Amino acid sequence: MSAEIASLSFTLLALNFNHIMTSANSEAPIRVRIAPSPTGDPHVGTAYIGLLNYIYARQRGGKFILRIEDTDRTRFVSTSEQMIFDSLRWAGLTWDEGPDVGGPLGPYRQSERTAIYREHAEILLKNGTAYRCFCTPEELEATRKQQLAAKLPPRYPGTCRRLTPEQIAGNEAAKKPYTIRLAVPPHGNDLTASTTFRDELRGNITFEHGNVDDQVLMKSDGFPTYHLANVVDDHLMQITDVIRAEEWISSTPKHVLLYKAFDWQTPRFWHMPLLRNLDKSKISKRKNPVSLIYYRDSGYLPSAILNFLGLMGGGMPADFKSTPDSIAEKFTLDEMVQHFVFTDIRVGGPVFDLTKLKWLNGEYLRALSPEDFFLAVRNSVFSDDYLRRISALMQTRIETLTQFGDLTGFFFSDNVIPPAEVWIPKKRTPEDTLTFATDQLAVLETTDWTHDALEAALKKLGEEKQWSVKENFMLLRAIITGSTMSPPLLESMIVFGKARSLDRARRFLEAQKKAAAKK
RNA sequence: GGCGUUAUGGUGUAACUGGUUAACACGUCGCCCUCUCAAGGCGAAGAGUCCGGGUUCGAGCCCCGGUAACGCUACCA
């Protein structure tokens with residue numbers, strides 16, 4: 001009941017205020033978080049949500065927390081966590097509490113909190129809001145297929161929910177592996193048929209329980225799923241506002257049900273629009289560079305990226321200007337903290353359009369002093385580290401120092417376009433070559449960026465598709481370097497970096513497809 | 001298929017509690033500047049606000065009904 005009153009008065013506030021506002025339960029100091037999973041390169045989407053959380057916290061004197069959601073062992077990438085730290089710091093989004101900086105409510109890495117989740121799952125088991133499920137993945141998959149075939153929504157049939165205490169004891173005695181599932185009402189004496197929650201940007205959203213599945217909370221490997229871990233951690237870490245992407249709306253009722261099962265107060269939910277590809281689908285690496293590493297290595301400035309992200313979905317006053325004669329739509333992180341209005345965010349998914357980002361980046365570059373510009377060039381495209389690694393590839397290949405540039409231009413260019421005679425092998429058609437190049441890209445995407453892994457993966461692909469090692473490597477060389485002559489390919493790609501190599505390959509394919517379509 | 005969300009030029013946004021020819025930025029095109037390319041300056045084209053009804057003197061803003069796109073629909077997050 002008090003929650004209802006709280007949400008009602010919040011509604012009134014929302015209607016009357018068009019400015020920074022606090023909610024009915026504003027006694028609690030604001031605490032927000034981002035919770036990326038270390039499953040690969042740090043994502044622009046993470047930076048976007050990070051930016052919003054950062055601004056929200058700074059505006060209200062609150063805390064911004066970084067939590068690592070590493071509960072999925074199968075997708076875990078060991079180098080990912082450090083890259084997340086590095087790229088978020090590079091962007092200028094610093095956190096108050098996190099795995100590397102500590103804090104009073106840690107640990108901030110979910111893999112270090114498994115005991116906590118187990119205890120909490122136990123509470124749910126005891127109070128009847130969750131149950132053990134002994135179904136095997138195979139059984140689950142089979143019923144899923146049946147349901148799909150029968151055009152029914154795929155849903156857990158609740159088999160194990162009806163197990164008798166004796167059956168459960170028997171299964172446990174037999175050491176059968178099990179998961180723990182949320183018992184979505186109605187069950188026991190909880191007969192509620194739907195869950196309604198408030199999204200601060202959209203208003204109330206209701207889900208009938210018939211459409212909410214008995215979600216797995218604890219996997220059979222002892223790790224929690226996102227749903228359990230996120231609710232438990234948000235509560236324990238005293239998160240007041242959950243600011244996350246729109247894709248979570250559908251699972252929010254499960255989270256609300258969990259808060260209720262624990263008898264905890266729910267945080268406010270703010271679901272932000274999803275960044276989109278040009279075709280309006282959710283932003284993805286197949287259609288857009290999404291790695292923050294890519295933007296860093298390709299010479300984008302953090303200030304430009306943050307500024308551009310701040311443009312996504314609105315939030316800044318339309319007439320905002322740093323100074324009367326400064327250009328439109330250009331503002332700093334501090335200015336966003338100063339002027340950003342959360343309730344003005346548009347919820348239609350904005351297209352992440354590189355064209356405008358490039359313009360903005362150019363604006364920031366031009367605004368630098370000549371010396372700072374020089375230093376920016378010096379510290380990125382011509383950094384000692386980069387030059388040193390390229391030099392190592394060049395020493396045996398040149399007779400005068402100035403020949404250095406002859407073979408290494410591709411390391412310093414953005415646009416590399418190999419001519420047809422360079423990329424199409426003599427015995428292949430353009431179509432076959434493009435098909436193979438597409439396969440190469442797919443392989444590269446999932447391969448560790450080391451010499452041996454790359455070599456093995458590429459050779460394996462070549463064998464499968466009947467492409468000789470020479471054809472195979474020459475094609476990739478053409479795509480990456482634009483030429484038939486270059487320093488050793490794999491070493492070059494390693495120095496050039498995974499993010500940029502993949503982007504170059506992607507852009508090559510895109511350009512060729514476009515050219516083919518024109519004919 | 002089910003559920004949910006969203007909908008203003010190619011893209012990002014604006015339009016006070018419904019009120020003049022829907023505004024700004026990016027991009028595109030043209031002109032100027034100029035050894036080139038940018039930058040900069042000037043200008044233009046491009047949407048009648050997803051569609052159909054309704055309310056109103058008047059609707060991008062309100063109501064009803066459609067449509068489309070996107071998201072979710074995992075022992076992924």
Side-chain angles (χ1 to χ4, degrees), chain A residues 15-16 18 35-40 43 45-46 68-76 110 133-141 144 147-156 177-181 194 197 199 201-203 205-213 215-230 244-254 271 273-283 308-321 327-330 344-360 362-363 365-366:
Chain A
L15 287 172
N16 294 329
N18 197 20
S37 349
T39 53
H43 200 274
T46 304
I68 295 293
E69 305 231 338
D70 54 352
T71 56
D72 184 356
R73 310 172 325 182
T74 59
R75 295 205 303 156
F76 181 75
Q110 290 187 328
C133 172
F134 298 92
C135 297
T136 65
E138 294 72 34
E139 289 167 354
L140 258 17
E141 186 53 32
R144 229 178 78 86
Q147 289 167 330
L148 248 21
K151 298 218 169 192
L152 290 166
R155 203 117 57 204
Y156 180 65
Y178 63 87
T179 62
I180 296 174
R181 283 181 185 272
S194 68
F197 62 91
D199 177 277
L201 259 19
R202 293 159 245 255
I205 299 175
T206 299
F207 284 81
E208 301 295 327
H209 286 170
N211 296 317
V212 183
D213 208 4
Q215 185 58 237
V216 169
L217 303 175
M218 289 290 277
K219 303 179 237 182
S220 53
D221 65 3
F223 279 83
T225 58
Y226 169 87
H227 307 283
L228 207 226
N230 137 80
R244 70 210 330 179
E246 183 183 359
E247 56 191 332
W248 292 109
I249 289 179
S250 325
S251 35
T252 304
K254 293 168 187 170
H271 290 99
L274 236 27
L275 265 21
R276 308 296 180 93
N277 297 314
L278 234 23
D279 63 6
K280 296 273 185 185
S281 55
K282 169 170 134 179
I283 194 166
F308 182 64
L309 254 13
L311 250 16
M312 304 277 91
M316 281 298 270
D319 55 355
F320 175 80
K321 295 232 177 208
I327 65 166
E329 302 190 329
K330 192 181 172 198
D344 282 354
I345 292 174
R346 290 269 139 197
V347 286
V351 171
F352 188 87
D353 186 1
L354 266 332
T355 312
K356 191 159 182 173
L357 171 57
K358 279 188 187 152
W359 161 75
L360 245 192
E363 286 294 339
L365 251 21
R366 271 172 249 128

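These figures come from a predicted structure and were not determined experimentally. First the proteins, then the strands, lettered A, B, ... as listed; each starts at 1.
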- Message: Whole angstroms only, please: what is the NZ-C1' distance between A:Lys358 and B:A39?
- Response: 17 Å
- Taking the C1' atom of each, how far is B:C16 from B:G12, in whole Å? 23 Å
- Query: Between atom CD1 in A:Ile205 and atom P in B:C72, what is the gap in whole Å?
  - Reply: 15 Å
- Query: Of all the nucleotides listed (B:C70, B:A25, B:G71), which has the minimum atom distance to the side chain of A:Ser250?
  - Reply: B:G71
- At what distance, to the nearest 0.5 angstrom, does OG1 of A:Thr39 lie from CG of A:Asp70? 10.5 Å
- Message: Within the structure provided, determine whether A:Ile180 and A:Cys133 are in side-chain contact (heavy-atom separation under 4.5 Å).
- Response: no
- Message: Does B:G54 count as syn, meaning its glycosidic angle lies within 90° of 0, or as anti?
- Response: anti
- Going from OG1 on A:Thr252 to CD on A:Glu246, what distance comes out if it is rounded to the nearest 0.5 angstrom? 10.5 Å
- Does A:Lys358 have any side-chain hydrogen bond (donor to acceptor under 3.5 Å, both in side chains) partners at least two apart in sequence or in another chain, and if so, which? none
- Message: Whether A:Arg75 and A:Asp72 form a salt bridge (side-chain N of Lys/Arg under 4.0 Å from carboxylate O of Asp/Glu) is what I want to check.
- Response: yes
- Task: Could you measure between the two P atoms, the one in B:A14 and the one in B:G4, and give it in whole Å?
- Result: 27 Å
- Any chance the side chains of A:His271 and A:Arg244 put a donor and an acceptor closer than 3.5 Å? yes
- Close side-chain approach of A:Leu217 to A:Arg181, heavy-atom, < 4.5 Å: no
- Message: How many whole angstroms separate atom CG of A:Asp279 from atom C1' of B:G71?
- Response: 14 Å
- Are side-chain heavy atoms of A:Phe207 and A:Ser194 found at a separation under 4.5 Å? no
- Query: Tell me: CG of A:Asn211 to P of B:G2, nearest whole Å?
  - Reply: 11 Å
- Message: More than 12 heavy atoms of other residues, nucleotides or ligands under 6.0 Å from CZ of A:Arg346: yes or no?
- Response: no
- Item | Interatomic distance, A:Leu365 atom CG to A:Leu360 atom CG [nearest 0.5 angstrom] | 11.5 Å
- Item | Approximate separation, where rounding is to 0.5 Å, of A:Thr225 OG1 and A:Gln215 CD | 5.5 Å
- Electrostatic pair A:Lys330-A:Glu363, nearest N-O below 4.0 angstrom: no
- In whole angstrom, give the distance that lies between atom CG of A:Leu275 and atom P of B:G71. 13 Å
- Query: Between A:Asp199 (CG) and B:C72 (P), how many Å, whole number?
  - Reply: 16 Å
- Task: Go along nucleotides 44-52 of chain B 5' to 3' and tag each nucleotide: B for a protein heavy atom under 4.0 Å from its base, S when only backbone or sugar atoms are that close, - otherwise.
- Result: ---------
- Message: To the nearest 0.5 Å, what is the distance between CZ on A:Arg276 and CG on A:Asp353?
- Response: 14.5 Å
- Interatomic distance where CZ belongs to A:Arg366 and C1' belongs to B:G41 [whole Å]: 14 Å
- Using the C1' atom as the reference point in each nucleotide, state the distance between B:C26 and B:G9 in Å, no decimals. 12 Å
- Less than 4.5 Å apart, any side-chain heavy atom of A:Glu141 and any of A:Thr136? no
Pairwise N/O distances under 3.5 Å, protein to nucleotides 75-77 of chain B:
{"from": "B:C75", "atom 1": "O2", "to": "A:Ser220", "atom 2": "N", "distance (Å)": "2.7"}
{"from": "B:C75", "atom 1": "O2", "to": "A:Ser220", "atom 2": "OG", "distance (Å)": "2.8"}
{"from": "B:C75", "atom 1": "N3", "to": "A:Ser220", "atom 2": "OG", "distance (Å)": "2.9"}
{"from": "B:C75", "atom 1": "N4", "to": "A:Cys135", "atom 2": "O", "distance (Å)": "3.2"}
{"from": "B:C76", "atom 1": "OP2", "to": "A:Lys219", "atom 2": "NZ", "distance (Å)": "3.1"}
{"from": "B:C76", "atom 1": "O2'", "to": "A:Asp72", "atom 2": "OD2", "distance (Å)": "2.6"}
{"from": "B:C76", "atom 1": "O2'", "to": "A:Arg75", "atom 2": "NE", "distance (Å)": "3.3"}
{"from": "B:C76", "atom 1": "O2'", "to": "A:Arg75", "atom 2": "NH2", "distance (Å)": "3.2"}
{"from": "B:C76", "atom 1": "O2", "to": "A:Arg75", "atom 2": "NH2", "distance (Å)": "3.3"}
{"from": "B:A77", "atom 1": "OP1", "to": "A:Thr71", "atom 2": "OG1", "distance (Å)": "2.9"}
{"from": "B:A77", "atom 1": "OP1", "to": "A:Lys219", "atom 2": "NZ", "distance (Å)": "2.9"}
{"from": "B:A77", "atom 1": "OP2", "to": "A:Tyr226", "atom 2": "N", "distance (Å)": "3.0"}
{"from": "B:A77", "atom 1": "O3'", "to": "A:Ser37", "atom 2": "OG", "distance (Å)": "3.1"}
{"from": "B:A77", "atom 1": "O3'", "to": "A:Glu69", "atom 2": "OE1", "distance (Å)": "3.0"}
{"from": "B:A77", "atom 1": "O2'", "to": "A:Ser37", "atom 2": "OG", "distance (Å)": "2.6"}

- Item | P-based separation of B:G46 from B:U17 [nearest Å] | 31 Å
- Query: For A:Asn277 and B:A69, what is the distance between atoms CG and C1' respectively, to the nearest whole Å?
  - Reply: 13 Å
- Message: By nearest atom, which of the nucleotides B:U5, B:G4, B:C24 is closest to the A:Arg202 side chain?
- Response: B:U5
Pull out every protein N or O sitting under 3.5 Å from an N or O of nucleotides 11-17 of chain B, one pair per line with the distance.
{"from": "B:U11", "atom 1": "O2'", "to": "A:Asp353", "atom 2": "OD2", "distance (Å)": "3.4"}
{"from": "B:G12", "atom 1": "OP1", "to": "A:Val351", "atom 2": "N", "distance (Å)": "2.8"}
{"from": "B:G12", "atom 1": "O2'", "to": "A:Leu311", "atom 2": "O", "distance (Å)": "3.2"}
{"from": "B:G12", "atom 1": "N2", "to": "A:Glu329", "atom 2": "OE2", "distance (Å)": "2.6"}
{"from": "B:U13", "atom 1": "OP1", "to": "A:Gly313", "atom 2": "N", "distance (Å)": "2.0"}
{"from": "B:A14", "atom 1": "OP2", "to": "A:Arg346", "atom 2": "NE", "distance (Å)": "2.9"}

- Quantified in whole Å, what is the P atom distance between nucleotide B:U20 and nucleotide B:G60? 9 Å
- Using the C1' atom as the reference point in each nucleotide, state the distance between B:A74 and B:A69 in Å, no decimals. 24 Å
- Write down the distance separating the P atoms in B:A47 and B:G1, rounded off to the nearest Å. 33 Å
- Task: Can you run through RNA chain B from 5' to 3' and write each base as (, ), [, ], | or . depending on how it pairs? Watson-Crick or G-U wobble, both distances under 3.5 Å.
- Result: (((((((..((((.....[...)))).(((((.......))))).....(((((..]....))))))))))))....
- Stretch residues 147-156 of chain A: residues that reach within less than 4.0 Å of RNA chain B through a heavy atom: A:Lys151, A:Pro153, A:Pro154
- Item | Distance in Å, A:Asn230 CG paired with A:Ser251 OG, rounded so as to fall on 0.5 Å steps | 8.5 Å
- Using atom P of each nucleotide, how far apart are B:A22 and B:C50 to the nearest Å? 15 Å
- Query: Taking side chain as C-beta onward, heavy atoms only, is A:Asn277 less than 4.5 Å from A:Phe352?
  - Reply: no
- Taking the side chain as every heavy atom from C-beta outward, state whether A:Leu274 and A:Glu247 have any atom pair closer than 4.5 Å. yes
- Query: Taking the six-membered ring for Trp, are the ring centroids of A:Trp248 and A:Tyr226 within less than 6.0 Å of each other?
  - Reply: yes
